[in-house]
Protein chains: 2
Amino acid sequence: MSLPRAKLVKNFPGCPVEATLSYLDGKWKGVILFHLMEGTLRFNELRRKLPAVTQRMLTKQLRELEEAGLLSRAVFPVVPPRVEYAMTPLGMTLKPVIRALAAWGDDYVFCSPEGRELRMASDGLCAPVATLQT
Amino acid sequence: MSLPRAKLVKNFPGCPVEATLSYLDGKWKGVILFHLMEGTLRFNELRRKLPAVTQRMLTKQLRELEEAGLLSRAVFPVVPPRVEYAMTPLGMTLKPVIRALAAWGDDYVFCSPEGRELRMASDGLCAPVATLQT
DNA sequence: TTTTACAGTATCCTTTTAGGTACTACGTAC
DNA sequence: GTACGTAGTACCTAAAAGGATACTGTAAAA
């Protein structure tokens, strides 16, 4: 059994956690949904919000989210082209999930140029700010 | 830039959603955490709860979760070996997130032997139960 | 007249993830 | 004396994800 997570879900139908994760899987889906929570965005607007994504990857992730029914793609037949991405009503239902993910990330994940680290808020909440480089 | 999601987080430090997802990434982490939410489990107990995982994969996912500090591994020097996995206090903080993921999966993801599908609860909530095979 | 913006495709290549199988050690049960 | 359960490790291969680069077409701006 050598299947990608999305196709494997049927093999653990008892786990709604994995079922949900399978839709958020893909490197940029989280950020994309995060940004679209605040409203419609055009392709290049999204691109500018994601520092390092390539066109290919952004297109791919957007298509997958669209295919799942989580967001809509509206093409305006003008030139230069105008394509708008927005959350569908189904996508909106993900907002509490995204917010839970964001809240936890804000509280416990600490990113630095060297990588990321997990820490309880109590592990020295008072000091570390002073140790940041100016 | 060709890095796994976990190592790439430093490139979008502004996105706590991806930061969190990077810790849940890996095909079995979601299920593992889901089961450990209810209490300590031994290696083979976990294995029996996951229908298709191989020893190699389970070990790998557990090690990654342990390294992140989300769960603990207690080895009892007896024979046959006894190793217990449990959530750490830090891991416990993930419970609301796991619950949000599980709730959304329960409400919107529908799994069948053919795959999985996303649907709003309103899309015919009354009928489909009758269409299930007995 | 060349450049820019837009929203992508197409092609190729590398990295990462996941799975398969076999093997370990020890003690107990059959 | 053979098999079983425990908790793994080692080695190899397949598949999927991700990335680099180049290319498309039109209209307006420089």
Side-chain angles (χ1 to χ4, degrees), chain A residues 1-12 18 21-32 36 40-67 71-86, chain B residues 1-12 18 21-32 36 40-67 71-86:
Chain A
M1 198 190 333
S2 143
L3 295 165
R5 170 142 72 178
K7 284 167 194 148
L8 196 75
V9 169
K10 57 174 171 248
N11 293 309
F12 33 73
E18 282 294 329
L21 284 176
S22 74
Y23 287 97
L24 300 178
D25 214 26
K27 205 162 68 187
W28 308 92
K29 298 224 181 88
V31 223
I32 292 172
L36 285 179
T40 299
L41 286 173
R42 298 178 59 177
F43 184 83
N44 273 7
E45 284 175 333
L46 258 172
R47 199 142 90 98
R48 279 187 287 267
K49 293 200 181 270
L50 313 187
V53 75
T54 60
Q55 281 184 313
R56 193 180 97 76
M57 280 311 294
L58 182 54
T59 305
K60 216 175 146 233
Q61 302 295 298
L62 286 169
R63 289 295 193 288
E64 287 174 20
L65 288 167
E66 189 200 352
E67 211 200 317
L71 54 84
S72 62
R73 176 170 175 269
V75 183
F76 296 82
V78 296
V79 71
R82 175 181 192 89
V83 178
E84 286 184 353
Y85 292 90
Chain B
M1 197 191 332
S2 143
L3 294 165
R5 168 140 72 179
K7 285 167 195 149
L8 197 76
V9 169
K10 58 174 169 242
N11 292 308
F12 33 73
E18 282 294 330
L21 284 176
S22 74
Y23 286 98
L24 302 177
D25 215 26
K27 207 163 68 185
W28 308 91
K29 298 225 181 89
V31 224
I32 291 172
L36 286 180
T40 298
L41 286 173
R42 297 179 57 178
F43 185 83
N44 274 8
E45 284 175 332
L46 258 172
R47 199 143 91 98
R48 279 187 286 268
K49 293 201 181 265
L50 312 187
V53 76
T54 61
Q55 281 184 315
R56 197 180 95 76
M57 280 310 296
L58 182 53
T59 305
K60 217 177 145 230
Q61 302 295 298
L62 287 169
R63 287 295 192 288
E64 287 174 20
L65 288 167
E66 189 200 353
E67 210 200 318
L71 54 83
S72 62
R73 176 169 175 270
V75 184
F76 296 82
V78 296
V79 71
R82 173 179 193 89
V83 177
E84 286 184 354
Y85 291 91

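All values derive from a computational prediction rather than experimental measurement. A, B, ... follow the sequence lines: proteins, then strands. Residue 1 opens every chain.
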Nearest to side-chain heavy atoms of [X], which nucleotide of [options]:
X     : options              : answer
A:Q55 : D:dT6, C:dT9, D:dG8  : C:dT9
A:M57 : D:dG18, D:dT9, C:dC6 : D:dG18
B:K27 : C:dG8, D:dG8, C:dA18 : C:dA18

Counting only side-chain N and O atoms of [X], is one of them less than 4.0 Å from OP1 or OP2 of [N]?
X     : N      : answer
B:R63 : D:dT9  : yes
B:W28 : C:dT17 : no
B:Q61 : C:dA18 : yes
B:R82 : C:dC26 : no
A:R47 : C:dA5  : no

Nearest nucleotide by nearest heavy atom, which residue falls closer to the 5' end of DNA chain D, A:T54 or A:V79?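 Whichever sits nearer the 5' end wins; that is A:T54.
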
Given that A:E64 and A:P80 both sit by DNA chain D, which one's nearest nucleotide is further toward the 5' end? A:E64

For A:E84, all residues meeting salt bridge (charged side-chain N to carboxylate O under 4.0 Å, His left out), sequence neighbours excluded: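 Residues passing salt bridge (charged side-chain N to carboxylate O under 4.0 Å, His left out) with A:E84: A:R82.
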
Is it the case that C:dG20 (base atoms only) and B:R56 (side chain only) share a donor and an acceptor within less than 3.5 Å, ignoring hydrogens and angles? yes

Would you find a donor on one side and an acceptor on the other, under 3.5 Å apart, between the side chain of B:K29 and the backbone of B:D25? yes

Would you classify A:F76 as touching base, sugar-phosphate or nothing, given that sugar-phosphate means primed atoms plus P, OP1 and OP2, and contacts are heavy atoms under 4.0 Å?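 A:F76: no heavy atom of the nucleic acid under 4.0 Å.
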
